[in-house]
Amino acid sequence: MRSPGSKSGSWGSRARIPRTFRIETALSSSCVRLSGRESLRVFSMHRWSKLFIPTLREAPADAEVASHKFLLRAGYIRQLGAGIYNYLFLGQRSLNKIIAIVREEMDKIGQEFYLPGILPRDAWEESGRWTGMGDNMFRLKDRKGADLCLGMTHEEIMTSIARNELRSYKQLPQIWYQIQTKFRDEPRPKGGLLRVRQFIMKDSYSFDLDKTGLDRSYELHDEVYRRIFTRCGLKFVAVEAHSGSMGGSHSQEFMVYTDAGEDLIASCPECGYAANLEKATSRLETVAEMEPTGDGKPELVQTPGCAAIADVAAFFRISPASDIKCVAYMALKRGAGGAPDRWHGVAAFLRGDHQVNETKLLGAIGAAELRTMQAEELTQYLNGPAGYLGPVGLSPDAEPLGAGLTVVVDKALAGRGNMVCGANKLDHHLRNVTPGRDFGWTLSADIRSVNEGESCPRDGCKGKLVVGKAVEVGHIFKLGYKYSESMGARVLDENGKEVTPIMGSYGIGIERILTAAIEQSNDANGFWLPPSIAPFTVVVTVTNMADAALRETGEAIAAELEAAGLDVLLDDRNERAGVKFKDADLVGIPYRINVGKKAATGQVELVTRKLSSGAKAGPEMPAAGSEDVTLSDVLIRLKEHLEEEELLLASS
RNA sequence: CGGGGAGUGGCUCAGCCUGGUAGAGCACCUGGUUCGGGACCAGGGGGUCGGAGGUUCAAAUCCUCUCUCCCCGACCA
């Protein structure tokens with residue numbers, strides 16, 4: 001078909017293809033030839049000598065975490081700006097493999113869309129997130145002065161499609177997804193691809209008629225996510241998570257343990273309980289209460305210089321667990337329906353040996369931001385200096401003291417008695433203070449972080465929690481009605497009644513999968529990726545290109561493996577063997593075939609990178625994880641290895 | 001945004017304190033010798049010393065402003 005306007009015929013039009021065009025299979029390669037002369041396919045085989053794989057002997061000084069260093073050294077990425085990276089050949093190849101897996105699995109439950117990355121302001125106004133997203137959103141104006149932003153997530157856009165198109169319960173459920181570039185103006189990008197300002201995300205959205213439907217869509221995602229991460233070779237855990245600014249009731253994060261991670265996970269080795277620290281709870285041992293002194297009522301005690309918990313505990317000869325500490329914040333509440341945002345005071349009270357979890361606190365009071373109070377604000381809201389703040393005498397939400405102050409008491413203080421707390425007076429504390437009897441609060445909530453060694457919160461479990469760092473690679477949310485309601489998506493149910501669809505939202509960070517995989521499998525020399533996401537499955541290293549016999553053997557093996565459907569990289573560079581080995585160890589390819597001296601006797605070496613980790617190899621000493629294989633067995637043996645890996649994954 | 005650090009050839013860094021007109025190793029190019037764990041010899045190319053302004057006979061070096069990047073914190077689907 002040719003469009004009416006194109007007289008000469010557009011590119012790809014049949015009539016314009018030269019008469020000499022033909023497809024032929026060359027002996028050594030399957031090249032498509034143009035005019036019988038020019039090869040259209042430059043890479044009939046991936047030859048290292050022709051590729052751009054800029055490996056670095058040394059990592060740039062500003063790379064800190066392992067994956068960052070190795071991604072740079074292996075020539076996967078190059079930095080363009082803070083949190084902005086170029087993905088080069090190997091990096092892009094690996095990402096493509098990850099994307100292919102994600103797509104293949106997602107296609108089982110959802111339909112792929114492709115939404116714009118640049119978005120008009122309107123959609124964001126409706127949900128209230130134009131302002132709600134704050135500085136994390138990249139904003140720009142078009143030539144007419146209209147506001148636009150770069151997409152950081154697509155709930156609004158997907159919901160607008162649903163609102164415009166979905167009319168009947170018969171059209172539900174729907175699961176729509178996309179694999180798309182996201183932009184977030186992170187305050188502090190870091191760790192190479194760990195936290196960046198532009199990244200690829202698979203995001204999906206479900207629309208269901210009711211809660212049962214949502215549960216189903218959520219379960220489907222849970223299942224598919226586990227398959228995706230398993231196929232990508234990640235050792236992951238699913239943990240209970242905080243929903244953050246997304247809103248919603250239930251959410252679960254998929255985490256990979258690594259010290260490079262930014263999240264803290266509490267888990268129980270006994271029962272498998274696992275939760276993000278922003279969400280985790282624990283069962284506390286009961287604390288032996290102190291005997292009341294005097295008449296048992298709150299008593300003012302002079303405590304000069306005891307501003308720190310440790311000082312107070314020492315002064316009273318008590319455990320910090322019997323002290324009540326105060327952390328005072330100013331909290332920002334977003335104005336609803338065009339009302340201005342407003343800062344107000346929040347006093348959080350908790351056990352002296354406990355730490356405030358600001359995410360939990362934010363959730364408890366429904367605020368968007370927190371900052372600690374300045375000295376003047378402490379005086380204004382609590383009439384006390386830092387170090388001597390206490391809950392007694394505060395009248396929440398009443399004039400004059402504590403006006404507008406929200407008093408939040410941690411759940412761990414419930415049922416306690418005869419404690420010590422600040423007296424809101426310099427160098428003074430109160431003892432014999434009992435929550436409920438001696439002071440009240442605006443709300444009582446779990447606002448503390450659990451500590452390692454505390455008891456698992458699950459009934460009947462005697463395990464002790466351990467806390468570890470992890471990277472988040474995926475997150476699934478039960479969103480509820482937040483967007484469908486605010487944006488007015490409605491369908492008619494079977495009774496002809498208008499109902500609001502209930503939504504879920506589900507994300508996977510594509511680069512994070514690569515990063516996490518590298519973090520979990522690296523040594524001093526480089527890293528190794530699972531075959532499923534490695535840019536190449538195997539590198540055929542010809543140890544001496546000057547030797548025609550070796551060269552030909554290498555070519556033959558590479559051709560054979562490629563014909564069998566494997567991704568093969570032939571290292572045909574005119575480099576010394578040592579250089580090639582070092583590079584091969586560095587760039588993440590899981591298998592290597594050394595074509596060297598033994599080729600004369602019909603043998604090559606098959607090296608499994610992960611088994612050679614950390615082992616020293618010398619001229620006379622084969623690398624660990626290396627096995628001699630006859631030429632005719634190379635393919636079979638390699639396939640056996642690959643099958644083993646898959647079995648291993650499936651069983652984990 | 002607060003605190004700390006760094007910008008000198010592609011990479012790692014020295015030179016800066018005490019101003020005199022830019023260096024090393026690696027990488028790159030040419031020739032030769034090597035050729036299984038990042039070879040050696042000889043020759044060669046490449047740097048507005050992040051940018052702007054100032055002081056000075058003279059600035060990589062001293063002063064002021066500024067930009068960028070990294071780390072810690074704040075922040076964070």
*Asks:* Checking all strands, does Gly191(A) fall into the base, sugar-phosphate, or nothing category for heavy-atom contacts under 4.0 angstrom?
*Replies:*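 Here Gly191(A) touches the backbone only, sparing every base.
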*Asks:* Under a plain distance cut-off of 3.5 Å, with no hydrogens placed, do Ser206(A) and Tyr506(A) share a side-chain donor-acceptor pair?
*Replies:*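 Tyr506(A) vs Ser206(A): donor-acceptor pair found between side chains.
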*Asks:* Counting any heavy atom closer than 4.0 Å, what does Tyr205(A) reach on the DNA or RNA strands: base, sugar-phosphate only, or nothing?
*Replies:*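 Answer is base: heavy atoms of Tyr205(A) come under 4.0 Å of a base.
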*Asks:* Ring centres under 6.0 Å, that's the criterion: do Tyr76(A) and Phe527(A) meet it?
*Replies:*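 Tyr76(A) vs Phe527(A): aromatic centres under 6.0 Å.
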*Asks:* Tell me the partner of G47(B), counting only Watson-Crick (N1-N3 plus N6-O4 or O6-N4) or G-U wobble (N1-O2 and O6-N3) with both under 3.5 Å; none if nothing fits.
*Replies:*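 The answer is none; no pair meets the criterion.
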*Asks:* Looking at A59(B), which nucleotide sits across from it as a Watson-Crick or G-U wobble partner, both distances under 3.5 angstrom, or is there none?
*Replies:*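 Pairing partner, where one exists within any strand: none, as none qualifies.
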*Asks:* Do Arg188(A) and G4(B) share a donor-acceptor pair, side chain to base, under 3.5 Å?
*Replies:*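 Under the 3.5 Å cut-off, the side chain and the base do not form any donor-acceptor pair.
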*Asks:* Given G38(B), C71(B), G36(B), which nucleotide is nearest the side-chain atoms of Arg73(A)?
*Replies:*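 Nearest to the side chain of Arg73(A) among the choices is G38(B).
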*Asks:* So that I can tick it off, tell me whether Glu112(A) and Arg103(A) are bridged by a salt bridge, with the cut-off set at under 4.0 angstrom between side-chain N and carboxylate O.
*Replies:*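 Looking at Arg103(A) and Glu112(A), the cut-off is met.
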*Asks:* Please work out if Met545(A) contacts a base, only the sugar-phosphate, or nothing of the nucleic acid, heavy-atom cut-off 4.0 Å.
*Replies:*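 Answer is nothing: Met545(A) stays at 4.0 Å or more from every strand.
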*Asks:* For C35(B), give the paired nucleotide (Watson-Crick: N1-N3 plus N6-O4 or O6-N4; G-U: N1-O2 and O6-N3; both under 3.5 Å), or none.
*Replies:*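 Pairing partner, where one exists within any strand: none, as none qualifies.
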*Asks:* Write down the distance between OH (Tyr85(A)) and C1' (C70(B)), rounded to a whole number of angstrom.
*Replies:*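 Result: 10 Å.
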*Asks:* Under 4.0 Å, counting only non-hydrogen atoms across every strand here, what does Asp547(A) touch: a base, just sugar-phosphate, or nothing?
*Replies:*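 No contact at all - Asp547(A) keeps every heavy atom at 4.0 Å or more from the nucleic acid.
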*Asks:* Looking across every strand, which nucleic acid part, if any, lies under 4.0 Å from Glu575(A) by heavy atom: base, sugar-phosphate, or nothing?
*Replies:*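 Answer is nothing: Glu575(A) stays at 4.0 Å or more from every strand.
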*Asks:* Whether Asp585(A) and Arg592(A) form a salt bridge (side-chain N of Lys/Arg under 4.0 Å from carboxylate O of Asp/Glu) is what I want to check.
*Replies:*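 So Arg592(A) pairs with Asp585(A) through a salt bridge.
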*Asks:* Counting Watson-Crick and G-U wobble pairs only, both distances under 3.5 Å, name the nucleotide matched with U64(B), or none.
*Replies:*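 Base partner found: A52(B).
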*Asks:* G9(B) pairs with which nucleotide, Watson-Crick or G-U wobble, both distances below 3.5 Å?
*Replies:*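 Its partner is none (no Watson-Crick or G-U wobble pair with both distances under 3.5 Å).
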*Asks:* So what does Asp135(A) touch, heavy atoms closer than 4.0 Å: a base, only the sugar-phosphate, or nothing?
*Replies:*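 Asp135(A): no heavy atom of the nucleic acid under 4.0 Å.
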*Asks:* Which is true for Glu358(A) with a 4.0 Å heavy-atom rule: it touches a base, it touches only sugar-phosphate, or it touches nothing?
*Replies:*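 Sugar-phosphate only.
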*Asks:* Could you tell me how far apart Lys582(A) (NZ) and C26(B) (P) are, to the nearest whole angstrom?
*Replies:*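 Atom-to-atom, Lys582(A) to C26(B), this comes out as 17 Å.
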*Asks:* Have a look at Ala59(A) and say if it touches a base, only the backbone sugar-phosphate, or nothing, with a 4.0 Å heavy-atom cut-off.
*Replies:*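 The answer is sugar-phosphate, as Ala59(A) gets under 4.0 Å only of primed atoms, P, OP1 or OP2.
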*Asks:* Is there a Watson-Crick or G-U wobble partner for A42(B) with both distances under 3.5 Å, and which nucleotide is it?
*Replies:*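 In the structure as shown, A42(B) has U30(B) as its Watson-Crick or wobble partner.
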*Asks:* Using Watson-Crick or G-U wobble geometry with both distances under 3.5 Å, which nucleotide pairs with G2(B)?
*Replies:*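 Pair assignment: G2(B) / C72(B).
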*Asks:* Scan Arg371(A) against the nucleic acid and name what it touches under 4.0 Å (heavy atoms): base, sugar-phosphate only, or nothing.
*Replies:*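 No contact.
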*Asks:* When we call it a touch if two heavy atoms are under 4.0 Å apart, what does Glu472(A) touch: a base, just sugar-phosphate, or nothing?
*Replies:*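 Sugar-phosphate, no base atom in range.
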*Asks:* When you measure only distances, ignoring hydrogens and angles, does the side chain of Asn544(A) come within 3.5 Å of the base of G36(B) through a donor and an acceptor?
*Replies:*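 Answer is no: no donor-acceptor pair is held.
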*Asks:* For the side chain of Glu605(A) and the base of G36(B), is some donor closer than 3.5 Å to an acceptor across the two?
*Replies:*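 It does, because a donor-acceptor pair links the side chain of Glu605(A) to the base of G36(B) below 3.5 Å.
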*Asks:* May I ask you to say what Lys580(A) touches in the nucleic acid, namely base, sugar-phosphate or nothing, with a heavy-atom cut-off under 4.0 Å?
*Replies:*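 No contact at all - Lys580(A) keeps every heavy atom at 4.0 Å or more from the nucleic acid.
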*Asks:* Is the ring pair Phe183(A)/Phe138(A) parallel, tilted or perpendicular, if the boundaries are 30 and 60 degrees?
*Replies:*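 Ring orientation, 0 to 90° scale: perpendicular.
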*Asks:* On a plain distance test, is the side chain of Arg57(A) in donor-acceptor contact with the base of G37(B) below 3.5 Å?
*Replies:*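 Absent.
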*Asks:* Quick one: do the Glu519(A) and Ser67(A) side chains pair a donor with an acceptor below 3.5 Å?
*Replies:*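 The criterion, which ignores hydrogens and geometry beyond distance, is satisfied for Ser67(A) and Glu519(A).
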